[in-house]
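Right, one structure below, let's go through it.
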Amino acid sequence: MSREESREFQGVGVSAGRVIGPVRRMPEPLAAPADGAPLPEGTTAESEAERLGEATAAVAAGLKARAAAATGDAQAVLKATALMAGDRTLLKSAIALVQSGTSAESAIWEAADAVATQLGALGGYMAERATDVLDVRARIVAQLRGVPAPGIPDSDEPFVLAAVDLAPADTATLDPSKVLALVTSEGGPQSHTAIIARSLGLPAVVAAAGTGSLVDGELLFVDGITGQVVQNPGPAERDLALAYTQRQPLPDFDGRGRLADGTAVPLLANVGSGVDAQAAAAAGAEGVGLLRTEFCFLGRDAEPTAEEQVEAYRAVFEAFAGKKVVVRTLDAGADKPLPFLTDTSEPNPALGVRGYRTDATVPGVLARQLAAIAEAAKQTAAEVWVMAPMISTPAEAADFDAMVREAGLSTAGVMVEVPSAAVLAEPILGACDFASIGTNDLTQYTMAADRQLGTLAAFNDPWQPAVLHLVQATVRGAQAAGNKPVGVCGEAAADPALAVVLVGLGVATLSMNKRALPAVARVLGSVDPEKAQRLARLALGASHAAEARSLVRAELPELELFGL
Amino acid sequence: MAERIATIASRVGLHARPAAIFAEAAAEQPVEVTIALENEPADEALDASSILSLMGLGAEYGTKVVLRAEGEGAEQALETLAAVLETDHDAE
């Protein structure tokens, strides 16, 4: 056994699991070479052409070797990519540019660009392949520069991926059979890295300062529960990782969330499309607690037509006939800008015109959306509720309630994300039918800490006692307003220990990523209402988030049993 | 100059996977083979071993293409490659 020193890093655990594996760093993004850069000093067209030929051959050979080791679809894709890298026509047109005095990097960049544009013009499937050509191009340029290829590192053995933070585009190419865990030096509990890790069920630690100095190949222990990362782990970490591999498998969710005494706590799913909804129904979800309607708006220059919207909503409602589907109206702004609705020049978009507030600046979009939701509801058997994001006053709640009824829908609610909505829950719930707490934004606004900022990750934790006090205030206000139901649809509901606390605070339903359903169901089923209330009091009384978490976790032996 | 017309049999057209199979087969031939859409002039024909050219051709299911080659073994090479195009690789 190595007697080398080990190094420890403390981050925030955002997705449970304990593993040991070699680390691979996410390379820096590749900067584009200058447009038409001349041959570098000391080179000739011949030497640059030769270098380019060698680089394409090396990239092609590398991809071919990986194809030989892969199987099925992955093999076919790698094989095609290898052929693209070694493509004679591409190389010929790049060399022609080199001979006219362009550097190898700029030549291959431009030649591949022409191919990608041509494929893009063909549309459909071929347009998607244009991305493959650009990926090959980046690999060739990286090879010419002698730097690692951009994107998720290639590796035949599973590894722990270390990065500054991951972008949505990176996570799309993340292969969960190759990546053991994620560690980032930046990012918070609500960052894309955290969300993708939870949806793939990968252990993850974010905001682990200092992990930027890790070197490829170093052995790393990652504890997604405590947020601890240890380079060169010792016997204690090995035991923890081993125990995690020997954890009991979680039973599937049986479709009926309840406490140990049988008290029902419906467990719903957060979904973003018809396909998502079908998968959630198959996983046992008792309904949809949050339908993000942005999916039919994002990436568009203009508002989708009524027909498009009805079709999109209907696809979700059909998966939950006879069950509740809570539709959140368009939540544009801040990190989800829409060209026809939001102003991207705002100095502070998180505190700007977003969510329900866009109805005041661009009236009509919301009313048309409500009409489409009502039409889709009429065509299906789902029990459709609608709620508005970013409500902060009782007047807004009343206005929204009126719009919903005007559209012919019967159940209107609000999201509680702004602290003022929690404080004034009684008059707000007096003006509508229900509330759903969005813990991600409620935490960022309560703690005045940007969700994406790694340095503030410890603030940005839904275990913050102040956030839990606001959850309690919301539930009390809703009770005083005539026992109106309060649910939680933020990431907090997917943390099984926090789910117990939320139920103890009086939250009636929990909505989460479908992957979290079995864990949350199992842990809720292990406590009775009295214990949930007692744990809620423990968390409320804690002086900080980490203390609240550890006090509550210590009382829930099911977590250890299932490695949660 | 040997010529052979073939009809694309892959349901998805000459897309990445069928194109990869064909480009590899073309590269293995002892002669250089070109490919063009039927009715396109011969001097616009593309290198049949270039996957990017094949994909850029935009040949769909049922499209007729012309294969051309010169030299010893040309006829046999075209027969071999036409057979590849006339197989539905997505059915495999």
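By convention in this document, chain letters (A, B, ...) are assigned in the order of the sequence lines, proteins followed by strands, and residues within each chain are numbered from 1. Keep in mind it's a predicted model, so treat the numbers as computed, not measured.
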So, the part of A:Ala80 with a heavy atom under 4.5 Å from chain B: the answer is both
Extract the chain B to chain A donor-acceptor pairs under 3.5 Å, no hydrogen or angle test applied.
residue, atom, partner, partner atom, Å
B:Asp47, OD1, A:Arg88, NH2, 3.2
B:Asp47, OD2, A:Arg88, NE, 3.0
B:Asp47, OD2, A:Arg88, NH2, 3.0
B:Ser49, OG, A:Arg88, NH2, 3.0
B:Ser50, OG, A:Asp87, OD1, 2.6
B:Ser50, OG, A:Asp87, OD2, 2.8
B:Ser50, OG, A:Thr89, OG1, 3.2
B:Ile51, N, A:Asp87, OD2, 2.8
B:Leu52, N, A:Asp87, OD2, 2.9
B:Ser53, OG, A:Thr89, OG1, 3.3

Heaviest contributor of heavy-atom pairs below 4.5 Å to chain B, chosen from A:Val115, A:Leu83, A:Leu119, is A:Leu83
For A:Leu122 and B:Met55, the nearest pair of non-hydrogen atoms, with its separation, is CD1-O, 3.5 Å
Exercise. Counting only heavy atoms not in B:Glu75, do more than 12 fall under 6.0 Å of its CD?
Worked result: no
Bottom line for B:Leu14: the part with an atom under 4.5 Å from chain A's heavy atoms is backbone
Honestly, the part of A:Val133 sitting under 4.5 Å from a heavy atom of chain B is side chain
